[in-house]
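As structure tokens, the structure follows; a few thoughts come after it.
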Amino acid sequence: MQRLYQTLIMAKELTSREENYSQWYNDLVIKADLAENSAVRGSMVIKPYGFAIWEKMQSVLDGMFKDTGHQNAYFPLFIPKSFFSKEADHVEGFAKECAVVTHYRLKNSEDGGVVVDEDAKLEEELIVRPTSETIIWDTYRNWIQSYRDLPLLINQWANVVRWEMRTRLFLRTAEFLWQEGHTAHETKEEAIKETELILDVYGDFAEKWMGMPVLKGVKSAKERFAGAVETYCIEALMQDGKALQAGTSHFLGQNFAKAFDVKYVSKENKLEHVWATSWGVSTRLMGALVMAHSDDNGLVLPPKLAPIQVVIVPIYRKQEQLDAVTEKVDPIINALKAKGISVKFDDRDTYKPGFKFAEWELKGVPVRLAIGPRDLENGTVEVARRDTLEKEVLQMEDIEEKIAHLLEQIQENIFQKALNFRDENTFRVDSWEEFEAKIEQGGFVWAHWDGTDETEQIIKEKTKATIRLIPIDGKQEVGKCIYSGNVSEQRVVFAKAY
RNA sequence: CGGGGUAUGGCCCAGUCCGGUUAAGGCGCCUGCUUUGGGAGCAGGAGAUCGCAAGUUCGAAUCUUGCUACCCCGACCA
């Protein structure tokens, strides 16, 4: 019936996960043509194939934001330095990683190059945005006067810069692409509701589109966004047992409204500060996507986000045979396209089928069809699925129906597989010895914590594990802190993280 | 930002210790023929101011100094 066609050939091309997980990731991002390093430290070039995936993510998320009442806008890249000193926690959080523009002109140097023109020093230095709260809240002050102007629900797609010491393609780059939502509300309750709504949007996107199961919760005070009252997050588990924060949604309270003096007149004719939220996901999701599903043969993409969902490889010797195959393939392409499935017919004459198989596998195309003389004779087509590496020969009738169904199955299967992996690597522990062992092993560890920064810090120093989140609807369960033995009201999730 | 490593055609790399003809090999690329159901074979060909900049020397891929980028480990952070 079905047979596996996995070969060992790929091992020569790609480091295996077992051998060196981070090397595997680096190799994969480069070899699957997603991105490469650029001439500037920590900055990457996102290549067309990688960008196509990001564009799909953008388009889906953008639709979800609009469906929940948000509008897009664009705020500037540069932020006056003075804005940064207005919200104390925020400054402290970002000051150490800001790129600063000090001059606005170059001039020719004696050796034929260019140098900064010292005469063109800026009156006030500009910060390249690490995030846009400050410039946005400075702007909102003018936009908001009455309760009638609320809620203000804005999102922007932008690049931001955080001068990171250590960078990795997609996971942590000095410049990255993201969306940042910034909303203003009349009441605290409404703002919290918004924060939670977006967390659900992120969770749905991760699970239904990326096929990546996530835990939802709030951050501990130590892990909270600088300037937030509460940070909500989604956390996913990567195949090496490390957690990855995939999205955050912040309840900002009135911190920024107060810092930037954003007030509205209520129905009762009282002057009040507005309540705020901000939330974002970034190109880091690309890294999450790669690590969540891919294998030693290359990328495994969820059909819903794959730029190419089906690739068709013709098998032939002579031109006449290619013509005959093409004749059969054309209606299949049309039928698939009519169902909204993206198809590529790989009729390059310069590569052999075996090479093409390996290449599309590396690039994670969910379904591959191969059609050759044998199929023409039998009215069949060979169908291979990327997630399980199985292939089978199917009758050509209603092939588009079968493929559409298969794509759904693949989407479901990779989610299940990731979910099973997470279940197998989730532990409840009640002793320090067990805690250390499980953290070392990797995975999510549910354990009691006494709620103090001190304990959290010591645990981090001893085990490198951090509190990934405090579950939102976690069962209240009284216990003893894993480290201090003090009383705890619920378990929190620990893991080593990216 | 601290410690360690690396940089030689598009890619992987030999040569560097101990300076001395034309910088070797593999992959890829180009041309031709044969091939095409799991990364094809043969023949011919093109492609390198040896990361960048100074210095030492009759002579530098090789020695010295500075700079830049990348990788690994730590601190920091999404």
Side-chain angles (χ1 to χ4, degrees), chain A residues 3-15 20 22-23 25-27 30-31 36-44 92-98 111 113 130-131 160-174 176 178 180 219 222-226 228 231 233-235 243-248 250 279-285 287-288 297-298 313-319 321-322 325 346-362 368-378 380-382 384 389 391 393 460-461 464 466 468 497-498:
Chain A
R3 60 204 162 101
L4 287 178
Y5 60 90
Q6 178 169 13
T7 66
L8 292 173
I9 295 164
M10 279 309 303
K12 285 191 294 188
E13 308 284 339
L14 198 64
T15 307
N20 185 339
S22 48
Q23 192 62 46
Y25 174 82
N26 293 339
D27 282 1
I30 302 280
K31 288 184 173 154
E36 62 186 36
N37 283 305
S38 75
V40 183
R41 178 184 175 73
S43 303
M44 67 177 161
E92 207 186 313
F94 287 104
K96 283 176 287 183
E97 49 187 30
C98 285
D111 63 5
T131 177
V160 287
V161 169
R162 295 180 190 175
W163 214 259
E164 296 291 346
M165 293 299 134
R166 224 175 131 180
T167 59
R168 288 187 75 188
L169 293 173
F170 290 119
L171 295 174
R172 176 168 288 112
T173 46
F176 55 91
W178 76 345
E180 48 180 324
K219 288 293 186 192
K222 228 172 95 58
E223 300 277 330
R224 197 176 287 153
F225 174 75
T231 288
C233 64
I234 54 171
E235 291 276 333
L244 186 134
Q245 178 175 300
T248 49
H250 315 290
W279 28 273
V281 293
S282 71
T283 35
R284 185 178 230 204
L285 286 180
N297 289 340
V313 177
I315 314 291
Y316 60 95
R317 285 167 192 272
K318 304 224 155 61
Q319 183 64 40
Q321 286 178 319
L322 175 59
V325 169
D346 187 358
D347 60 354
R348 288 176 297 176
D349 192 39
T350 46
Y351 295 98
K352 291 180 68 182
F355 179 92
K356 294 176 183 176
F357 293 174
E359 184 178 8
W360 293 117
E361 242 155 62
L362 179 62
R368 183 186 71 236
L369 306 184
I371 302 178
R374 214 154 62 208
D375 298 296
L376 295 186
E377 240 170 73
N378 304 331
T380 55
V381 50
E382 183 188 83
L389 295 170
K391 64 181 178 184
V393 175
K460 186 179 175 185
E461 281 162 17
K464 289 181 189 163
T466 48
R468 299 323 301 159
Y498 275 97

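Letters A, B, ... are given to chains in the order of the sequence lines, protein chains preceding strands, and every chain is numbered from 1. Small disclaimer: the values here were computed from a predicted structure and weren't measured.
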Given the C1' atoms of C18(B) and U62(B), what is the spacing between them in whole Å? 10 Å
Take atom CZ of Phe355(A) and atom C1' of U35(B), then tell me their distance rounded to the nearest Å. 16 Å
Output the rounded distance in Å from CG (Asp375(A)) to C1' (G37(B)). 8 Å
NZ (Lys222(A)) with more than 12 external heavy atoms under 6.0 Å: yes
Roughly how many Å apart are A69(B) and U8(B), using the C1' atom of each and rounding to a whole number? 16 Å
Taking only the C1' atom of each, what is the distance from C70(B) to C12(B) in whole angstrom? 16 Å
Can you tell me how far C1' of U36(B) sits from CZ of Phe357(A), to the nearest Å? 10 Å
Taking only Watson-Crick and G-U wobble pairs with both distances under 3.5 Å, what dot-bracket line describes RNA chain B, where [ ] shows pairs that cross earlier ones and | shows pairs with another strand? ((((((((.[[[..)....(....]]].((((((.....)))))).....[[[[[..)....]]]]])))))))....
Distance check, C1' atoms only: G10(B) and G47(B), in whole angstrom units. 10 Å
Between Ser38(A) and Lys318(A), whichever has its closest RNA chain B nucleotide further toward 5' is Lys318(A)
For A23(B) and U49(B), measure between their P atoms and round to the nearest Å. 12 Å
Of all heavy-atom pairs linking Ala288(A) and Leu171(A), the shortest is N-CD2, 4.4 Å
Short question: side chain of Ser43(A), backbone of Ser38(A) - any donor-acceptor pair under 3.5 Å? no
Atom CD of Glu36(A) to atom P of A69(B): distance rounded to whole Å? 17 Å
Summarise how protein sits on nucleotides 72-78 of chain B as a single string, 5' to 3': B when a protein heavy atom is under 4.0 Å from the base, S for sugar-phosphate-only contact, - for no contact. SBBB-BB
What integer distance in Å separates Leu169(A):CG from A69(B):P? 15 Å
In whole angstroms, the gap separating P of G39(B) from NZ of Lys31(A) amounts to 18 Å
Should we say atom CH2 of Trp163(A) is surrounded by more than 12 heavy atoms from elsewhere, each under 6.0 Å from it? no
Does Arg317(A) contact G37(B) through a side-chain donor or acceptor facing the base, at a distance under 3.5 Å? no
Treating Lys391(A) as the side-chain partner and Arg368(A) as the backbone partner, does any N or O pair qualify as donor plus acceptor under 3.5 Å? no
Tell me what Gly42(A) touches on the nucleic acid: a base, only sugar-phosphate, or nothing, going by heavy atoms under 4.0 Å. sugar-phosphate
Say you pick atom P in C71(B) and the same atom in A24(B); how far apart are they, in whole Å? 30 Å
CD of Glu382(A) versus P of G38(B): gap in Å, rounded? 8 Å
For Gln23(A), look at atom CD and say whether over 12 heavy atoms of other residues, nucleotides or ligands are found less than 6.0 Å away. yes
Rounded P spacing from G9(B) to G5(B) in Å: 22 Å
P gap between C52(B) and U68(B), integer Å: 16 Å
From CD1 of Ile315(A) over to P of A40(B), roughly how many Å is that when rounded to an integer? 12 Å
Considering every strand and a 4.0 Å limit on heavy-atom distances, what is the contact class for Glu359(A): base, sugar-phosphate, or nothing? base
Checking Thr15(A) against Asn20(A): is there a side-chain donor and acceptor pair closer than 3.5 Å? no
Checking side chain to side chain donor-acceptor pair (under 3.5 Å) against Thr231(A), which of Gln245(A), Glu223(A), His250(A) comes through? His250(A)
Is the phosphate of C29(B) approached by Tyr351(A) (side-chain N or O, under 4.0 Å from OP1 or OP2)? yes
Cation-pi check, Arg284(A) to Phe176(A): give yes when NZ or CZ is under 6.0 Å from the six-membered ring centre and within 45° of the ring axis, no otherwise. no
How close do Pro353(A) and Ile315(A) get, counting heavy atoms only, and between which atoms? CB-CD1, 3.6 Å
Applying salt bridge (charged side-chain N to carboxylate O under 4.0 Å, His left out), name anything that partners Glu36(A), two or more places apart in sequence or on another chain. Lys47(A)
With a cut-off of less than 4.0 Å, is there a side-chain N or O of Lys391(A) near OP1 or OP2 of G37(B)? no
